[in-house]
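In each ligand, atom 1 is the first atom listed, and ligand 1 is the first ligand listed.
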Amino acid sequence: MKEFDIKKAYHLFYLIRRSEEKIIELYDTDKIKSPVHLSIGQEAIAVGVSLALDDNDIVFSNYRGHAHYLAREGNLNQMWAELYGKIDGSSRGKAGSMHLSDWSVNFMTTSAIVTSAIPEAVGYAFAQKYKNDKGIVICYHGDGAVDEGVYWESLNFASLHNLPILFVCENNKYAIYTHQSKRMLNDSISERANAFGVKASKVDGLTTKDFYNAAYKSLDEIKNGNGPMLIECLTTRWRDHVGPGEDRHIKFRSDDELDNAIKNDDLLRLESMLSEKEVKKINDEVDNKINEAIKYSEKSSFPDTSEITEEVYG
Ligand SMILES: Cc1ncc(C[n+]2csc(CCOP(=O)(O)OP(=O)(O)O)c2C)c(N)n1
Ligand SMILES: [Mg+2]
């Protein structure tokens with residue numbers, strides 16, 4: 001097993017956290033042209049899973065995808081220009097925060113439509129197997145995605161054909177403001193996946209290293225031909241479902257639930273494992289890269305209205 005790289009984990013985690021904090025800072029200026037779904041509080045999953053991946057593995061995600069994109073080392077300038085709606089964005093500014101992609105790092109797509117990337121990811125895994133290609137497909141999704149029928153059809157197909165796919169369920173317990181207990185009788189997603197023949201485990205350690213270990217072990221099994229797997233990662237979303245704000249005033253969850261998660265911030269845990277000098281070096285490097293990406297996006301132009309329907313599919 002390749003060793004968990006603390007420095008790289010901290011670097012990616014800090015990059016994601018600071019990028020989203022910058023989004024919060026800038027959102028009121030209206031320079032960011034699309035809705036944003038922040039991953040703050042959930043970053044450990046994306047970082048842990050991404051560190052366990054090989055270059056040829058292929059990632060699909062959803063609208064809460066900044067962390068997945070950045071942990072996969074998607075192009076930072078292009079992500080920011082995409083948020084700004086500019087032509088130097090990953091999709092010439094027409095896709096926005098909810099539809100990021102960077103094929104140069106096998107980050108295929110994210111989608112605003114809940115569950116829609118799941119059959120696509122399964123189809124890709126089917127093609128991988130058919131062509132005898134090596135990469136494993138990673139499919140991130142939320143706990144709300146499993147409320148849709150197509151989710152279970154996809155799992156059924158994946159297990160029937162023994163496909164090379166790892167489902168990563170980011171279980172933050174809520175679909176918007178509705179708790180799992182109000183949506184499903186059996187709230188163990190991993191238990192239900194097992195019933196479909198997808199070998200699944202629950203990871204509630206909350207640390208990047210726990211998610212890394214779980215992903216690494218599952219990927220190893222998949223590489224050995226042991227079929228699709230799922231890790232159900234328990235986590236907490238710190239900010240509102242959508243937008244840059246907080247959501248305590250809505251009172252759909254207790255302050256304690258949120259405060260306990262915030263107290264357990266794995267970014268601070270990773271930071272404490274490095275020297276002050278190492279942390280400063282990484283922070284400065286990341287802060288500069290983000291400032292450069294923002295300058296790059298400011299300088300870029302909006303697409304011409306004549307291309308508004310080009311390369312847009314519905
Ligand atoms: C097909 C579809 N139905 C409903 C919505 C509205 N919607 C957007 S996000 C969301 C909740 C999804 O929750 P979950 O999968 O747990 O992801 P999280 O937002 O918690 O990361 C819903 C119902 C949508 N975008 N697409
Ligand atoms: Mg959720």
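In this structure, Phe157 and His161 have tilted ring planes: the angle between them lies in the 30° to 60° band.
For atom 7 (N) of ligand 1, the nearest protein heavy atom (residue, atom name, distance) is Val114 CG2, 3.8 Å. What sits closest to atom 23 (C) of ligand 1 on the protein, heavy atoms only, is Ile176 CD1, 4.0 Å.
Of the options Tyr63, Tyr177, Tyr151, Tyr140, the smallest heavy-atom separation from atom 9 (S) of ligand 1 is shown by Tyr63. In this structure, of Gly144, Pro35, Ser111, Ala112, the residue bringing a heavy atom nearest to atom 14 (P) of ligand 1 is Gly144.
For ligand 1, the atoms lying closer than 4.0 Å to a non-hydrogen atom of Ala145 are 15 (O). Under a 4.0 Å criterion applied to the non-hydrogen atoms of Asn172, ligand 1 contributes the atoms 18 (P), 20 (O), 21 (O). Below 4.0 Å from some heavy atom of His241 lie the following atoms of ligand 1, by number and element: 9 (S), 19 (O). Against a heavy-atom cut-off of under 4.0 Å, Arg64 is close to the following atoms of ligand 1: 18 (P), 19 (O), 21 (O).
Contacts between Ser116 and ligand 1 below 4.0 angstrom, taking non-hydrogen atoms only, are absent altogether. Using a 4.0 Å cut-off between heavy atoms, Glu148 contacts ligand 1 through its side chain alone, with no backbone atom that close. Contacts between Asp143 and ligand 1, counted as non-hydrogen atom pairs separated by less than 4.0 Å, involve both the backbone and the side chain.
With respect to the Mg ion (ligand 2), Asp143 has OD1 as its nearest N, O or S atom.
With contacts defined as side-chain heavy-atom distances shorter than 4.5 Å, the pair Lys209/Ile6 does not qualify.
In summary, Tyr174 places an N/O/S atom under 2.8 Å from the Mg ion (ligand 2), meeting the contact criterion.
Counted within 6.0 Å of NZ on Lys8, heavy atoms from surrounding residues, nucleotides or ligands total 12 or fewer; the atom is thus considered open. Residue Glu257 qualifies as enclosed at atom CD: its count of foreign heavy atoms under 6.0 Å is above 12.
Of all non-hydrogen atoms in Ile165 and Ala158, the two that sit nearest each other are CG2-CB, 4.1 Å.
Classification of Asp143 and Lys173 as a salt-bridged pair fails, no side-chain N sitting under 4.0 Å from a carboxylate O. Look at Lys263 and Asp259 and you find no salt bridge, because none of the NZ, NE, NH1 or NH2 atoms lies under 4.0 Å from a carboxylate O.
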- Message: Checking Phe196 against Trp152 for the ring pair (Phe, Tyr, Trp, His ring centres under 6.0 Å) test, could you report, in this order, the C-alpha distance in whole Å, the side-chain angles of both residues, the deciding distance, and whether it holds?
- Response: CA-CA 8 Å; Phe196 275 76; Trp152 300 105; 5.0 Å; yes
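The line from CD of Glu232 to CD1 of Ile189 is 4.5 Å long, rounded to the nearest 0.5 Å.
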